[in-house]
Structure formats: structure tokens, C-alpha cells
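One structure is given below, encoded as C-alpha cells.
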Amino acid sequence: MCGRRVVVVGALAVNADLADIRLVPYPLLYDEAWQIDFPSLYKSVNHRTRAVVVVHPNNPTGSYASPAETEALNRFCSEYNLALIVDEVFLDYSIDGAPRTSFVSNDTVLTFSLSGISKVSGLPQMKVAWVAASGPTDATREALARLEVIADTYLSMNAPLQLATPVLLDQRKHLQPLLRDRIRHNLQELDRQLARQKTCTRLRVDGGWYAVLRVPALQSDEDLAIDLLRKMAVLVHPGHFYDFPSDGYLVLSLITPAAEFREGIKRVLSLLND
Ligand SMILES: Cc1ncc(COP(=O)(O)O)c(C=O)c1O
């Protein structure tokens, strides 16, 4: 794998380094909605590039790859003979509750769709996750044969978890409606409080567990997040954790219990409007 390039969004740097993969970030652009910056993608590709990573919906922007973007990604990957690696851990958590299309049936190019019960059933400590491979028949068969060697090398998943997986998966039916309700409720609360002031706004979110708050960049996001923690006892992530290109962004968790979320937002906005 030495020196191969994988075009990626997000902070997978350490894991990639261990596998001797060079990550090349490409931006998402925001203009009322998030979109993939295809010109950047085209500029980043070279003969060593092997795959494009897409997070669907992305964390923390909450943006799904649209049908037009999926088509453009397929064109791009076909043109440069690249695989698509799609992280779909948040797929089920659309804000409007409508199901979104998974890449598991994407057969235009070799596609690896990843998910796991960490988010699907809210059970991060169980370490149950999967890869679905799809694409042109020969390429998929070859990739699955290689994946089998890799899976064997890492040894099999432990037997208790293998046996428990159907039950753990079933828990999503109980958890997901509760979580979706909480996320929607918190988002409404955020909008209600934002409407009462003019300093901060939030960016559009279509899925996932996070909201991105646009705040005045009077200090670094890091300093602001530390101030919020020290002065207000509220924990938020500064935008630079997610490679936002400038200061002025905070990332809020929407799965916080409702009363804490309401109070937390009140404190954040009171500090920022002071
Ligand atoms: C987009 C995304 N993919 C994957 C993961 C990790 O999932 P897992 O707990 O299954 O390793 C996270 C964790 O927050 C995530 O945000």
C-alpha cells in the first residue's frame, strides 16, 4: 500500500498512517447547502490514487451525497479506475425521517459501503461493523477474495458477539425512533433560541447527530470552546476538529438529553451575545 493516495474527508489520519496510506483531503463547500467540491477532487487525483472516501451523511455537516453527486462520483471513479469507500454509519438518521439511498447497491464502480452498530443501534463499545462490497462482478469478486484474506488475518469476530449480533441489530428498531425524535426536538429548540438573537446562525443539516453553529470569529474556535467549557460548563467541538477552513464554527451534539441541550444552548448564546 506504500504511498498510495486515498482522497478522503475527515480525520482518519492516524489509522491511514498505520496502513501507509496517504490521505488527501477534499473540501465540501457550503452555499445554503453542502456540496462536494468536484474541481478539488479532480485536482487531487494522480496515478497513485486508489479510492475516494465519502461520508454519507457526512459528520459533522450532516449532508448526504445527492443523486447528482453520486452520479458524478461514479463518473470520477470510472474515469480514474478508483474504488468508492462510503461510510454510512449515520445513514438512518435523516432529519426529516425519510429513508435515504445507501451505496450498497452501487454497481457502477467498485464500492465498499461501511456501517456498524456503533451508530445503527447506538452501541459503540460492541465493536460490530461491516463492509458491503458491490460493483462490476469481476472487480467485486477479486476485492472480496482479498478482503477475506484481510479478515482472516485479523481473526474472526468473537463468538459471543457473533451470536448476539441479531439481537443487537434488532435494538435499532427501539433506539432509532427515540434518537430521531430527540435530534429533531433539539434542532427545533436550537432554532427557537437562535431566532431570538442575531449573532449566531446554524448551517443546514439533513442527517446525523450534529449541528454546526456559525459564530463570530472574534477569537479562535479553540479558545471559544475552552471559554465555553470553563465559564459556562458547556462542551462543544471547535470547527478545526473537523478541518473547517477558518474560525467561526462550533459543532454541537444533537443527542444530548433535551433539558441539558436547552440549557447548554442558552449558555452558549448568552456568552456569544454578551
Ligand atoms: C462518520 C463516522 N464513521 C465512523 C465512526 C466510527 O464508528 P465505529 O464506532 O463503528 O468505529 C464515527 C464515529 O463517530 C463517525 O463519526
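We're numbering straight along the sequence, starting at 1. Since this is a predicted model, take the numbers as computed values, not measurements.
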Requested in this report: State whether the number of non-hydrogen atoms from other residues, nucleotides or ligands found under 6.0 Å of Asp223 atom CG is greater than 12.
Outcome: yes

**Report entry** Where Ala211 and Leu190 come nearest, the two heavy atoms and their spacing
**Finding:** CB-CD2, 3.9 Å

Query - Any Asp227 side-chain heavy atom under 4.5 Å of Gln219 side chain - result: yes

Requested in this report: Could you pull out the closest heavy-atom pair between Ser113 and Val104, with the gap in Å?
Outcome: OG-N, 3.4 Å

Query raised in the report: Say you draw a straight line from CZ of Arg182 to CZ of Phe261; how long is it, rounded to the nearest 0.5 Å?
Result: 11.0 Å

Query raised in the report: Are the side chains of Tyr93 and Arg100 in touch, meaning some heavy atoms are under 4.5 Å apart?
Result: no

Query - Step-by-step side chain to side chain contact (heavy atoms under 4.5 Å, CB included) determination, Ile183 to Ile255 - result: CA-CA 6 Å; Ile183 291 165; Ile255 58 168; 3.9 Å; yes

Query - Shared hydrophobic cluster for Leu114 and Leu147 (ILVMFWY, side-chain gaps under 4.5 Å) - result: yes

Query - Smallest separation among heavy atoms of Leu28 and Ser63, with atom names - result: CD1-OG, 4.0 Å

Report task. Answer yes or no: is there a side-chain heavy-atom contact under 4.5 Å between Ile36 and Leu73? Result -> yes

Query - For the student: nearest non-hydrogen atoms of Gly208 and Pro57, plus distance - result: N-CG, 4.1 Å

Report task. Please examine the side chains of Tyr30 and Val212, heavy atoms only from C-beta on, and report whether any two atoms are closer than 4.5 Å. Result -> no

Query - Linked, directly or transitively: Trp34 and Val86 (ILVMFWY side chains, under 4.5 Å) - result: yes

Query raised in the report: Donor-acceptor pair, Glu88 side chain versus Phe103 backbone, under 3.5 Å?
Result: yes

Query raised in the report: Using the benzene-type ring in the case of Trp, are the ring centres of Tyr80 and Phe76 under 6.0 Å apart?
Result: yes

Query raised in the report: Within a reach of under 6.0 Å around CZ of Arg214, are more than 12 heavy atoms found that belong to other residues, nucleotides or ligands?
Result: yes

Query raised in the report: Do the side chain of Arg50 and the main chain of Arg48 share a donor and acceptor less than 3.5 angstrom apart?
Result: yes

Requested in this report: Keeping the roles fixed (side chain from Gln176, backbone from Val120), state whether a donor-acceptor pair exists under 3.5 Å.
Outcome: yes

Query raised in the report: Is the shortest heavy-atom distance from the side chain of Thr61 to the side chain of Leu203 under 4.5 Å?
Result: no

Query - Beyond-backbone contact of Leu187 with Leu254, side-chain heavy atoms, under 4.5 angstrom - result: yes

Query - Candidate pair Val24 and Thr49, rule side chain to side chain contact (heavy atoms under 4.5 Å, CB included), full reasoning - result: CA-CA 9 Å; Val24 180; Thr49 310; over 6 Å; no

Query raised in the report: Do you know the tightest heavy-atom contact between Val205 and Tyr210?
Result: CG2-O, 3.5 Å

Query raised in the report: Do side-chain atoms of His56 reach the backbone of Ala65 as a donor and acceptor pair under 3.5 angstrom?
Result: yes

Query - Close side-chain approach of Val54 and Thr70, heavy atoms under 4.5 Å - result: no

Query raised in the report: How far does CD1 of Ile85 sit from CG of Leu110, to the nearest 0.5 angstrom?
Result: 9.0 Å

Query raised in the report: Looking at CG of Leu84 and OG of Ser134, how far apart are the two atoms once the value is rounded to the nearest 0.5 Å?
Result: 9.0 Å

Query raised in the report: Do side-chain atoms of Ser121 reach the backbone of Ile117 as a donor and acceptor pair under 3.5 angstrom?
Result: no

Report task. Using modelled atom types only, decide if a donor and an acceptor are shared between the side chain of Asp107 and the backbone of Pro136 within a distance under 3.5 Å. Result -> no

Query raised in the report: Looking at OH of Tyr64 and CG of Asp206, how far apart are the two atoms once the value is rounded to the nearest 0.5 Å?
Result: 7.5 Å

Report task. Look at the side-chain heavy atoms of Ile, Leu, Val, Met, Phe, Trp and Tyr, link any pair under 4.5 Å apart, and say whether Tyr242 and Leu252 land in one connected group. Result -> yes

Requested in this report: Look at the side-chain heavy atoms of Ile, Leu, Val, Met, Phe, Trp and Tyr, link any pair under 4.5 Å apart, and say whether Leu213 and Ile95 land in one connected group.
Outcome: yes

Query raised in the report: Is any side-chain heavy atom of Phe241 closer than 4.5 Å to a side-chain heavy atom of Val251?
Result: no

N/O donor-acceptor pairs under 3.5 Å from side chains in residues 264-272, not counting sequence neighbours:
residue, atom, partner, partner atom, Å
Arg267, NE, Glu263, OE2, 2.9
Arg267, NH1, Met232, O, 2.9
Ser270, OG, Arg267, O, 3.1

Requested in this report: Is it possible for you to say whether Leu179 and Leu123 belong to one hydrophobic cluster, with membership spreading through side-chain heavy-atom contacts below 4.5 Å?
Outcome: no

Do any side-chain atoms of residues 154-169 form donor-acceptor pairs under 3.5 angstrom with protein atoms, and if so which ones, sequence neighbours left out?
residue, atom, partner, partner atom, Å
Asn158, OD1, Leu161, N, 2.9
Gln162, NE2, Met157, O, 2.7
Thr165, OG1, Leu161, O, 2.6

Requested in this report: Before giving the answer on side chain to side chain contact (heavy atoms under 4.5 Å, CB included), spell out for Phe38 and Glu69 the whole-Å C-alpha distance, their side-chain angles and the decisive distance to 0.1 Å.
Outcome: CA-CA 9 Å; Phe38 278 98; Glu69 286 175 322; 4.0 Å; yes

Report task. Report, as yes or no, whether the 6.0 Å neighbourhood of atom CZ on Arg230 holds more than 12 heavy atoms from other residues, nucleotides or ligands. Result -> no

Query raised in the report: Is there a side chain to side chain contact (heavy atoms under 4.5 Å, CB included) between Trp209 and Ser253 once you walk through the steps?
Result: CA-CA 6 Å; Trp209 294 356; Ser253 168; 5.5 Å; no

Query raised in the report: Does Arg75 pair with Glu71 as a salt bridge, N-O distance under 4.0 Å?
Result: yes

**Report entry** Gap separating the NE2 atom of His240 from the CD atom of Glu222, nearest 0.5 angstrom
**Finding:** 3.5 Å

Query - Shortest non-hydrogen contact between Arg204 and Glu32, atoms and distance - result: CD-O, 3.4 Å

Query - Value rounded to 0.5 Å, distance of NZ in Lys173 from CG in Leu178 - result: 14.5 Å

